[in-house]
**Student:** 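The structure under discussion is supplied below as structure tokens; questions concerning it will follow.
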There are 2 protein chains.
Amino acid sequence: MLSQTAEYALRAAVELSERYEEGPIRVDDIASRLAVPRNYLSKILHALAKDGLLRSTRGPSGGFELARPPSKIPIEDVIRPFDPGLVSGARACLLGRKACGDADPCAAHSRWGVVRAQVQSFFAETTLEKLVRRVAHV
Amino acid sequence: MLSQTAEYALRAAVELSERYEEGPIRVDDIASRLAVPRNYLSKILHALAKDGLLRSTRGPSGGFELARPPSKIPIEDVIRPFDPGLVSGARACLLGRKACGDADPCAAHSRWGVVRAQVQSFFAETTLEKLVRRVAHV
DNA sequence: TGTATTTCTCATGATAAAATGATAAATAGG
DNA sequence: CCTATTTATCATTTTATCATGAGAAATACA
């Protein structure tokens with residue numbers, strides 16, 4: 001469902017949420033815990049830092065940490081940079097029609113729209129905190 | 001959401017449904033209608049034929065046609081060969097954990113399970129006929 | 001039997017995603 | 001100031017997806 005990259009990003013974000021306020025966490029630490037390629041994860045976290053989602057600190061005792069509390073981070077913010085189509089409204093048509101909309105619907109429009117909206121609101125309403133606390137789905 | 005290949009397959013299947021019982025339809029015909037690469041579509045349709053979903057006829061007045069009526073074809077059958085992870089239960093975990101299950105759930109398990117089930121039942125319950133007739137979502 | 005038509009099959013190329021490796025830049029702490 | 005540590009950056013490789021092209025195999029029809 002998620003691209004490999006988005007999946008790594010989300011898993012790392014969950015990890016950082018679990019250790020929120022412990023100070024910066026090293027890429028090496030996260031990468032080995034998650035069994036994910038170190039340099040690749042490094043680039044992913046850097047991208048999230050540029051987005052303002054993470055804070056990065058260089059040098060000894062440096063690393064990455066969440067820039068705001070897990071309760072303030074819907075997972076769509078973690079996923080969007082790497083899987084924009086899944087999270088945003090663009091390319092919403094199951095059949096890939098650019099012009100697809102209520103006015104000019106494709107064959108799947110109404111049926112698919114319902115499901116798609118559920119997926120999108122899942123990403124919008126699920127915060128990192130809810131994941132970490134394993135709050136049941138509403 | 002769908003891979004390019006699965007999307008082409010689904011669009012072609014919708015096209016074939018609209019012209020069900022008109023006899024074999026040429027790849028060239030479908031490809032130009034859908035504005036999809038001819039040889040690429042050819043391979044996709046061939047794969048669906050090997051799966052038993054389509055019947056292919058070679059030679060003059062040949063082409064592809066649905067092997068059974070559109071009402072008997074859930075779109076998961078069209079998508080599965082090209083996007084197996086989306087449709088089947090395998091790799092159901094949002095965080096990519098192989099062992100993820102009710103007994104050993106990942107952080108997202110319960111919340112994501114609800115949404116995922118909705119997506120899967122959409123693909124299982126939506127037939128080509130429902131798409132072509134544009135029946136409203138239940 | 002011959003010819004045009006069409007799928008079948010394989011070889012190749014183009015592009016994007018995923019992963020690796022090496023070096024530069026910053027910084028904490030002795 | 002020096003050194004170890006850590007992120008930042010860039011170049012490259014690997015792998016998968018998307019796409020093109022050419023010829024082989026089958027078949028309808030004259």
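Protein chains get the first letters and strands the later ones, always in sequence-line order, with residue 1 at the start of each. Just so it is clear, the structure is predicted and the values come from calculations on it, not from any experiment.
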**Student:** Could you tell me the boundaries of the chain B footprint on DNA chain D, defined by atoms under 4.0 Å from its heavy atoms?
**Tutor:** dC18(D) to dA28(D)
**Student:** If you look only at pairs with a residue in residues 42-51 of chain A, which of them pass as a side-chain hydrogen bond (donor to acceptor under 3.5 Å, both in side chains), with sequence neighbours excluded?
**Tutor:**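 Residue pairs passing side-chain hydrogen bond (donor to acceptor under 3.5 Å, both in side chains), neighbours aside: none found.
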**Student:** In chain order, what residues pass the side chain to side chain donor-acceptor pair (under 3.5 Å) check against R38(B), with sequence neighbours excluded?
**Tutor:**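 For R38(B), the residues satisfying side chain to side chain donor-acceptor pair (under 3.5 Å) (neighbours in sequence not counted) are D28(B).
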**Student:** Going by the rule side chain to side chain donor-acceptor pair (under 3.5 Å), which residues pair with R55(A) if we only count those two or more places apart in sequence or in a different chain?
**Tutor:** none
**Student:** Ignoring backbone atoms, test whether S56(B) places a side-chain nitrogen or oxygen under 4.0 Å from the OP1 or OP2 oxygen of dC8(C).
**Tutor:** yes
**Student:** When you compare the protein's N or O atoms with those of nucleotides 9-15 of chain C, which come within less than 3.5 Å of each other, and at what distance?
**Tutor:**
{"from": "dT9(C)", "atom 1": "OP2", "to": "H46(B)", "atom 2": "NE2", "distance (Å)": "2.6"}

**Student:** List, with names and distances, any nitrogen or oxygen atoms from the protein found under 3.5 Å away from nitrogen or oxygen atoms belonging to nucleotides 16-18 of chain C.
**Tutor:**
{"from": "dA18(C)", "atom 1": "OP1", "to": "Q4(A)", "atom 2": "N", "distance (Å)": "3.1"}
{"from": "dA18(C)", "atom 1": "OP2", "to": "T5(A)", "atom 2": "OG1", "distance (Å)": "2.6"}

**Student:** What residues form a side chain to side chain contact (heavy atoms under 4.5 Å, CB included) with P60(A), not counting sequence neighbours?
**Tutor:** none
**Student:** Tell me, please, which residues at least two apart from S17(A) pass side chain to side chain contact (heavy atoms under 4.5 Å, CB included).
**Tutor:**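 If we apply the side chain to side chain contact (heavy atoms under 4.5 Å, CB included) test to S17(A), skipping adjacent residues, the hits are L66(A), P70(A), L128(A), V132(A).
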**Student:** Check side chain to side chain donor-acceptor pair (under 3.5 Å) between E65(B) and all other residues, then give those that pass, not counting sequence neighbours.
**Tutor:** none
**Student:** Only counting residues at least two apart or in another chain, list the ones meeting side chain to side chain donor-acceptor pair (under 3.5 Å) with R58(B).
**Tutor:**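 Expected list: none.
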**Student:** Of all residues at least two apart in sequence or in a different chain, which pass the side chain to side chain contact (heavy atoms under 4.5 Å, CB included) check with A12(B)?
**Tutor:** I30(B), L34(B), L41(B), L45(B)
**Student:** So, R116(A) side chain and L94(A) main chain: donor-acceptor pair closer than 3.5 Å or not?
**Tutor:**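 No, R116(A) side chain to L94(A) backbone: no donor-acceptor pair under 3.5 Å.
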**Student:** Can you list the residues that meet the side chain to side chain contact (heavy atoms under 4.5 Å, CB included) rule with E21(A), with sequence neighbours excluded?
**Tutor:** none
**Student:** Under 4.0 Å: is that the gap between some side-chain N or O of R58(A) and OP1 or OP2 of dT27(C)?
**Tutor:** no
